[in-house]
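Here the structure is a predicted model, which means the values were calculated and not measured. We number each residue from 1, following the sequence as shown. We count ligands from 1, going down the list as the structure has it; atoms in each ligand are counted the same way.
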Amino acid sequence: MTLQTTNDHPQTPNLSGGEILKEIARLIQIAKLYEDNNKLIIDAVEAFKQAVKKSSNGSESVSLQMFNGRFFLQEEKVPLLRKDAQIFNQMLQFLERRSIYGFYFDADLKNTPTKEILAFVRLLNLAVQHDDPSEWLKKELEKSDIHWLSVMQKSTLTLDEESMDSETESFEGLERKKEAAKKTYNYALTSVKEVAEKLLSGKETGIRKSVRTVQRMVDIIIEDDTTFFSLSTIRVYDDYTFIHSLNVALLAMSLGKQIGMKRKTLEKLGLCGLLHDLGKIKIPKQILNKKGKLNDSEFEEIKNHSVNSAKLILKLKTDKFRKADLFVSPFEHHVRYDHSGYPSVNKRHPISLFGRILTIVDVYDAITSPRIYRPTSMSPDKALDLMLSDSGKHFDPVLLKVFINMLGVYPIGTLLRLDTGEMGLTLDSSQKTDQTRPKVQLLNPSANNQYKKGNIIDLAECDPSTGNYKRNIIKTQHPATLGIQPASYIL
Ligand SMILES: [Fe+2]
Ligand SMILES: [Fe+2]
């Protein structure tokens, strides 16, 4: 690959893109020549740490990625100076050979041992000898417990050429994406649980893992959010609060993407989603899972959770700017569009955009989830109907409209009963012209009240002899009523 060079000067001096690339390139070379305890190598590691810190520009992490023959640092194109062209070219080729498209680094590597940084560089060098170098590197980093960086296997920056490629994507590519999404989902679940558990036991905690998780989720959502919609149909009783938090984050980010939010904003919104119900850790389980009606004092306790979420976020060990971004919408997520709800706020207080988004996705996920005290729940299409009747009162009408359009008439994972006696789960219908006739994964009854995957059919399909639709929907039902976990059939 060749590069066009220019004599531009960097517009943002703090974003020393050239510097971080040079330090990585230097480390790669030096690591081939010297042992870990060599003075040169120790100096190179220090210089690398400083370059990462400087590039962070105050954020907790640094993203460095390549796209279309250029490097982007924190999403900004790295200005290409003539004097750096050789290193740029070398690094492009080095990373391309390893199918690596970039990295996320923790900004603060002060306490990261030199040997861990060198282990990463040595693995990076070795990766080229393996069939799937970036996947191999990812696994090796996990094995070595190296968590201060993650590898991008595909560029998260999109241009038109990229979207054309996705049309012809292979089946294996899709499977790989699904696997990556599942892993990210599970990783996100652990990250939010860890934060909650530490806070509960009175320990200090930061949110680095959650930040990285959200960055990965944004990668996937920007590319295609169907897989995450499928994952958001996972419903289990035990981990309700955590799964709910994760679903809220996913749905909020997808809604944010629909209204054109940029990557950094989506990351912040995702974190707000993950942390919005943090205040619930203080509520006793007997109250959270109570089957009957709550008495006044119990209800008061529940009502405190959004304020407590905000307070706990302010206690997190992370920089004050991040906290300022994060605490408002969790505080507001039960304040309705007409300012009713809780906690009571001044009518003149404008509810933030994040707050209005969280309110919508929070209610949707809550009413479509079966709970211990309410084993059945509303099917997704009925939930949307109900929410629509509260548009302009409980919910921001414009955002609600976008949300409904995004999910489609029969949101993914809705259980449909058909006039042929068949039954199945809606697959993604948001891209179809006629959303009332989605594609369906048929489910065939098998032994012990279980169901097996049948064919995938299209409800828009007509019988050529009569011109009538082959199948019609009679009714919808919540999958939980039949003990069905949609995610296990549609993923
Ligand atoms: Fe809540
Ligand atoms: Fe919630």
Query raised in the report: Which residues satisfy the side-chain hydrogen bond (donor to acceptor under 3.5 Å, both in side chains) test with Ser297, sequence neighbours excluded?
Result: Asn295

Requested in this report: Show all protein N/O/S atoms under 2.8 Å from the Fe ion (ligand 2), or state that there are none.
Outcome: His244 NE2, His276 NE2, Asp277 OD2, Asp362 OD1

**Report entry** Centroid separation His244 to His276 less than 6.0 Å
**Finding:** yes

Query - Opening angle between NE2 in His334 and NE2 in His305, taken at the Fe ion (ligand 1), to 10 degrees - result: 90°

Query raised in the report: Do Arg263 and Glu267 meet the salt-bridge criterion of a basic N to acidic O distance under 4.0 Å?
Result: yes

Report task. Mark yes when over 12 heavy atoms from residues, nucleotides or ligands other than Lys452 sit less than 6.0 Å from its NZ; otherwise mark no. Result -> no

Report task. Kindly assign one of parallel, tilted or perpendicular to the pair Tyr364 and Phe403, based on the angle between their ring planes and the thresholds 30° and 60°. Result -> perpendicular

Requested in this report: Scan side-chain atoms only and decide if His334 and His305 contain a donor-acceptor pair under the 3.5 Å cut-off.
Outcome: yes

